[in-house]
Number of protein chains: 2
Amino acid sequence: MSESQEKPAPLRVGIVLFPGFQALDVFGPVDCINILSCSHSVTLALISSTLEPVTTKSPAFANAIGQSVVPTHTFATAPSLDLLFVPGGLGTRGSSPVIEEAILYIRNVYPQLRYLITVCTGSGLAARAGVLDGKRATTNKMAWVETTGLAGNVDWVPRARWVVDGNVWSSSGVSAGIDATLAWIQEVYGREVARKISNGIEYTRHEDPSHDPFAELYGL
Amino acid sequence: MSESQEKPAPLRVGIVLFPGFQALDVFGPVDCINILSCSHSVTLALISSTLEPVTTKSPAFANAIGQSVVPTHTFATAPSLDLLFVPGGLGTRGSSPVIEEAILYIRNVYPQLRYLITVCTGSGLAARAGVLDGKRATTNKMAWVETTGLAGNVDWVPRARWVVDGNVWSSSGVSAGIDATLAWIQEVYGREVARKISNGIEYTRHEDPSHDPFAELYGL
């Protein structure tokens, strides 16, 4: 393929990582993007406070197992992005230097983004960054009270697999991030591209963003 | 909690990693085990040929993005295991020193395992290791012909979300690994434990192992 003017610009994707991120919050969405990158131009930055591997293990569960993922950039060296993913997990709860850095990064980078996708309690970090102020958003249903209590200026939607408001896509808990990401891919790249990816991972999508049996399950 | 004789032995879990593993093949199942480990004793070994981070990126797609995960053990130093996961991905195709090492490891360790769970084309590695000889098993439906051609002594089941034969659980492609793992957790830890984990990740399980719209989609 020649380097013609028609060659589309790559999609520049970033993912925020912090200790205690939920593994599937990251790797459900990112594996959809991995497959997208086999046919479309994509760059990826895995962003944390340092370049040391980041564990999924939360300090709150000393005996739990974890996996460590290698960042490619720090919050200070992160490149310009089109799309930022903010995952959730036990690591979003409370405060720590890396969480405060992540919140500051989200606040500063948001005006330059084309899209923000939060997964699970990642919306709590976006809320604390102020970027959900005045917006509709959703989050993990089991952690609903705790997460929605973090910011009063968000119009939290209790019954939703995912919510889109402007350029912010917020998903419900964990696996809902896959549906939100496939919906985002459909919006930006078209239905056929999204269909190929969901078929490739043998995933039967929830295509209705209001489909949410977990809202009822958790009494919302 | 006292260290009484009644304390159950930990579940010793291992996962084989190789360049070009499919991210969701690992992190769908392992995130279920991560959550299990918050309430039950679990140890985890991430096993590859060296301790260098292992990328999801396949050499076959030079422009694709990838993420790197840090192993905890090599094939030579891996501890005794109860349960081994073998993921799939483009990295399983063809041959390479690490894939040959992985196949040899699977062949040697299988007699000591209590359970083997293969995800997606991971069943191709297990087949090449000979541990599926005479057994019923399934695999990724898009990669069906290529994967089932690897070993003639396997009774490949085309229409299955997952298949159990003896102590081997084999899943269909990628996201099917979540259903197989939750079914395995239900078998070993009970329905309530599996239910809590699937609700925790807001995942609506496929509980019927013969449910497989992708078999038809791919003409099987």
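The figures that follow rest on heavy atoms only: side chains count, while hydrogens, waters and symmetry mates do not.
Across all their heavy atoms, A:Ala23 and B:Asp31 have their closest contact at CB-OD1, 3.5 Å. The shortest heavy-atom contact between B:Cys38 and A:Ala64 is SG-CB, 4.2 Å.
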Item to check | Criterion side chain to side chain contact (heavy atoms under 4.5 Å, CB included) on B:Val13 and A:Ile65, from CA distance to verdict | outcome: CA-CA 10 Å; B:Val13 180; A:Ile65 59 170; 5.9 Å; no
Next on the checklist: Before you tell me yes or no, could you show the steps for A:Glu202 and B:Arg161 under side chain to side chain contact (heavy atoms under 4.5 Å, CB included), namely the whole-Å CA-CA distance, both residues' side-chain angles and the distance that decides it to 0.1 Å?
Outcome noted: CA-CA 9 Å; A:Glu202 296 192 17; B:Arg161 187 75 173 159; 4.0 Å; yes
Checklist entry - After noting the C-alpha distance and the side-chain angles of A:Asn63 and B:Val42, does the key distance pass the side chain to side chain contact (heavy atoms under 4.5 Å, CB included) rule? => result CA-CA 8 Å; A:Asn63 293 321; B:Val42 178; over 6 Å; no
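Counted within 6.0 Å of CG on A:Asp208, heavy atoms from surrounding residues, nucleotides or ligands total more than 12; the atom is thus considered enclosed. More than 12 heavy-atom neighbours from other residues, nucleotides or ligands sit within 6.0 angstrom of CZ on B:Arg205. Heavy atoms from other residues, nucleotides or ligands lying under 6.0 Å from CD of A:Glu216 number 12 at most. Applying the 6.0 Å contact sphere to CZ of A:Arg93 captures more than 12 heavy atoms from other residues, nucleotides or ligands.
Of the listed residues (B:Asp212, B:Thr55, B:Leu217, B:Thr72), the greatest number of heavy-atom pairs within a distance under 4.5 Å of chain A belongs to B:Leu217. Among B:Asn140, B:Leu36, B:Leu90, the residue with the largest count of heavy-atom pairs under 4.5 Å with chain A is B:Asn140. Note on A:Thr43, A:Val70, A:Val69, A:Ile15: by heavy-atom pairs under 4.5 Å with chain B, the leading option is A:Val70. The most heavy-atom pairs under 4.5 Å with chain B, out of A:Asp25, A:Asn199, A:Ile35, A:Leu46, come from A:Asn199. Note on A:Ile178, A:Leu44, A:Ile201, A:Thr56: by heavy-atom pairs under 4.5 Å with chain B, the leading option is A:Ile201. The greatest number of non-hydrogen atom pairs below 4.5 Å with chain B, out of A:Met142, A:Lys57, A:Gln67, is found for A:Gln67.
Residue B:Ser198 holds its OG atom at 6.5 Å from CZ of A:Phe214, rounded to the nearest 0.5 Å.
Within the 4.5 angstrom heavy-atom criterion, atoms from both the backbone and the side chain of B:Leu24 approach chain A. For A:Pro213, the part lying under 4.5 angstrom from a heavy atom of chain B is the side chain only. Looking at A:Phe61, only its side chain comes within 4.5 Å of chain B, counting heavy atoms on both sides.
Using modelled atom types and a 3.5 Å distance limit, the side chains of B:Asn34 and A:Gln22 yield no donor-acceptor pair.
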